[in-house]
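I have placed the structure first, in the form of structure tokens, so that the comments after it can refer back to it.
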Amino acid sequence: MAIEVKHFFDPATSTITYVVHDPKSRDAVVIDPVWDYDPAASKLSNKSSEAVLAYIKEQNLAPRMILETHVHADHVTGAQFFKERFPEAPLCIGERITTVQKIWRDMYDLDAKTDIQGKVFDRLLKEHEVVQAGTLQFKVFFTPGHTPACSSYLFEDALFTGDALFMPDSGTGRCDFPGGSAKDLYNSITTKIYSLPETTRIFVCHDYQPGGREFMCQTSVGDEKKSNIQLNGTTSEEQYIEFRTKRDATLATPKLLLPSLQINIRAGRLPEADSQGKRFLKIPVID
């Protein structure tokens, strides 16, 4: 079986959603979907997810699973859009999600009823687990560093790395969020991703198009080891940690961090409505 991979780029957040499918059975997996959020109006819309759904219908695909590589801090997940339309497709994420749920529940002082045991997801995936999604099969690699609960998924020769690794001219994910670790990300990339065959295709979760170049989303283990500007095959752990620490200190907070994390640790569900049917997100004030 040779899988097919279709990408969908959201320019507002530079996020890439993927649909992986088996061309014979038409079984499919949706990876890292987007729920569009306008922070100025605090309004949500489904434009990005509707484009993915249109492709699924056009290709007569049967989604067998919805996958999250991690809890995103730069966009709201569209997982529930697909869960509502394909209720038999389990929503899955790495089992270390519970660590991230607790960190952000406490950071936002959310209600004690807010799940920190991963129960809002249908299935928590284990390290090195081989998962069947209809006729599709993939292997789970825990690749922490950007967050403590990041996972990468290997379908045949195609690895979906989330925010661990970007295109060679963009480097790697930041490591300054609570629970993040440059040391952990170095180990995730060098001992797991870079240990795969050099021909392994890598599909990244974001493309920031440095220098205004054209959009790209596919690279390879060989290309990353040769050309990644932050962590190539010869970069030492000390060099990477020093670079990543200095670099992260200069980065602005993602503009959708405050709303996205509160929703994403709930697997894309909004907070419960009040007595008047209104829903509210918390915005901590840092003085």
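Numbers for residues simply follow the sequence, beginning at 1. All of these numbers come straight from a predicted model, not from anything done at the bench.
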Given the rule in the side-chain contact (heavy atoms from CB on, under 4.5 Å) test, do W35 and L270 qualify, once you have shown the distances and angles that lead to the verdict? CA-CA 12 Å; W35 194 2; L270 294 173; 3.9 Å; yes
For this session: Answer yes or no: is there a donor N or O on one side and an acceptor on the other, between the side chain of S260 and the main chain of A73, under 3.5 Å?
Result: yes
Checklist entry - Do side-chain atoms of K83 reach the backbone of A89 as a donor and acceptor pair under 3.5 angstrom? => result yes
Note to self: Quick check: is L165 connected to L196 through a chain of hydrophobic side chains (ILVMFWY, heavy atoms under 4.5 Å apart)?
What the structure shows: yes
- Query: Is there a path from M216 to L231 through hydrophobic residues (I, L, V, M, F, W, Y) whose side chains come within less than 4.5 Å of each other?
  - Reply: yes
Presence of salt bridge, D248 and R244, under 4.0 angstrom: yes
inquiry  = Tell me if a side-chain donor or acceptor on Q137 pairs with a main-chain N or O of V130 at a distance below 3.5 Å.
reply    = no
dist Q262:CD -> M107:CE (nearest 0.5 Å) comes out at 11.0 Å
| message | So D207 and R213, do their side chains get closer than 4.5 Å, heavy atoms only? | response | yes
(Q) Given 3.5 Å as the limit, does a donor-acceptor pair link the side chain of D27 with the main chain of G134, or not? (A) no
Exercise for the section: Show your working on side chain to side chain donor-acceptor pair (under 3.5 Å) between Y37 and S42 and close with a plain yes or no. Expected result: CA-CA 7 Å; Y37 180 76; S42 194; 2.8 Å; yes
Margin query: Between E224 and N228, do the side chains contain a donor N or O and an acceptor N or O under 3.5 Å apart?
Written below: yes
For T143 and L185, the nearest pair of non-hydrogen atoms, with its separation, is O-CD1, 4.5 Å
| said: Taking the side chain as everything from C-beta on, heavy atoms only, tell me whether F82 gets closer than 4.5 Å to S49. | reply: yes
**Item:** Ring centres under 6.0 angstrom apart (H206, Y208)
**Value:** yes
Verify, without hydrogens or angle tests, whether N264 (side chain) and H75 (backbone) share a donor-acceptor contact under 3.5 angstrom.
yes
Open item on the list: If you apply the rule side-chain contact (heavy atoms from CB on, under 4.5 Å), what do you find for L125 with L67, and how did you get there?
Closed with: CA-CA 10 Å; L125 306 175; L67 276 179; 3.8 Å; yes
So does G268 get a backbone contact from the side chain of Q80, meaning a donor-acceptor N/O pair under 3.5 Å? no
Review point. Any side-chain donor paired with an acceptor under 3.5 Å for D111 and T114?
Key: no
| said: If you define the side chain from C-beta out and look only at heavy atoms, does anything of F141 sit under 4.5 Å from S188? | reply: no
Query - Close side-chain approach of E4 and P23, heavy atoms under 4.5 Å - result: yes
Spell out, as yes or no, whether a donor-acceptor pair under 3.5 Å connects the side chain of S195 to the backbone of K192. yes
Any heavy-atom pair between the side chains of P168 and T219 that's under 4.5 Å?
yes
Paired with Y153, the ring-ring contact (aromatic ring centres under 6.0 Å, His included) test is passed by just one of F138, F203, F160, namely F138
Closest non-hydrogen atoms of G179 and I103, given as atom of the first, atom of the second and distance, are CA-CD1, 4.2 Å
Q.
So F86 and L91, do their side chains get closer than 4.5 Å, heavy atoms only?
A. no
Tightest non-hydrogen contact, residues D10 and V34, listed as OD2-CG1, 3.8 Å
| said: In this structure, would I202 and I31 fall into the same cluster of hydrophobic residues linked by side-chain contacts under 4.5 Å? | reply: yes
Contacts under 3.5 angstrom, residues 251-259 side chains, donor-acceptor by atom type, not counting sequence neighbours:
none

Value for CZ (R174) from OG1 (T245), rounded to nearest 0.5 Å, stands at 12.5 Å
Closest non-hydrogen atoms of Q101 and V120, given as atom of the first, atom of the second and distance, are NE2-CG2, 3.6 Å
Exercise. Does the side chain of I241 come within less than 4.5 Å of E238's, by heavy atoms?
Worked result: no
Identify whether V5 and V204 are in the same connected component of the hydrophobic contact network (ILVMFWY, side-chain heavy atoms under 4.5 Å). yes
Output for pair (C150 SG, I93 CD1), nearest 0.5 Å, gives 9.0 Å
CG (L159) and OG (S152) are apart, to the nearest 0.5 Å, by 5.0 Å
Connected to V285, directly or through other members, by ILVMFWY side-chain contacts below 4.5 Å are none
Treating D22 as the side-chain partner and T135 as the backbone partner, does any N or O pair qualify as donor plus acceptor under 3.5 Å?
no
D157 meets the salt bridge (charged side-chain N to carboxylate O under 4.0 Å, His left out) criterion, sequence neighbours left out, with R201
Shortest non-hydrogen pair, V131 vs V140, comes out as CG2-CG2, 4.0 Å
Worksheet item: Can any side-chain N or O of H7 pair as donor or acceptor with the backbone N or O of Y18 at less than 3.5 Å?
Response: no
Exercise. For atom CZ of R247, decide whether the heavy atoms of other residues, nucleotides or ligands shown that lie under 6.0 angstrom number more than 12.
Key: no
Handout entry: Audit row: T235, T190, side-chain contact (heavy atoms from CB on, under 4.5 Å) steps and yes/no
Key = CA-CA 9 Å; T235 307; T190 59; over 6 Å; no
(message) Is it the case that over 12 heavy atoms from other parts of the model lie below 6.0 angstrom from the NZ atom of K183?
(response) no
Y186 with F243, same ILVMFWY side-chain cluster at under 4.5 Å:
no
**Asked** Does N187 reach the side chain of E237, with side-chain heavy atoms less than 4.5 Å apart?
**Response** yes
For A79 and I66, the nearest pair of non-hydrogen atoms, with its separation, is O-CD1, 4.0 Å
Rounded to the nearest 0.5 Å, the CZ atom of R105 sits from the CG atom of D109 at a distance of 9.5 Å
dist L124:CG -> E129:CD (nearest 0.5 Å) comes out at 10.0 Å
Fill in: Donor-acceptor under 3.5 Å (T161 side chain, A164 main chain)
no
_For E272, is the CD atom crowded, meaning more than 12 foreign heavy atoms sit under 6.0 Å from it?_
no
* **Stepwise side-chain contact (heavy atoms from CB on, under 4.5 Å) check, F8 with V19** => CA-CA 8 Å; F8 298 84; V19 176; 3.9 Å; yes
Would you say T147 and H70 are linked by a side-chain donor-acceptor pair, where the criterion is simply a distance under 3.5 Å? no
**Check against side chain to side chain donor-acceptor pair (under 3.5 Å), T172 and Y240** = CA-CA 10 Å; T172 69; Y240 178 71; 2.7 Å; yes
Review point. Aromatic rings W104 and Y108: how do their planes relate, parallel, tilted or perpendicular, breaks at 30° and 60°?
Key: tilted
From the list T15, T77, T69, side-chain hydrogen bond (donor to acceptor under 3.5 Å, both in side chains) partner of D32 resolves to T69
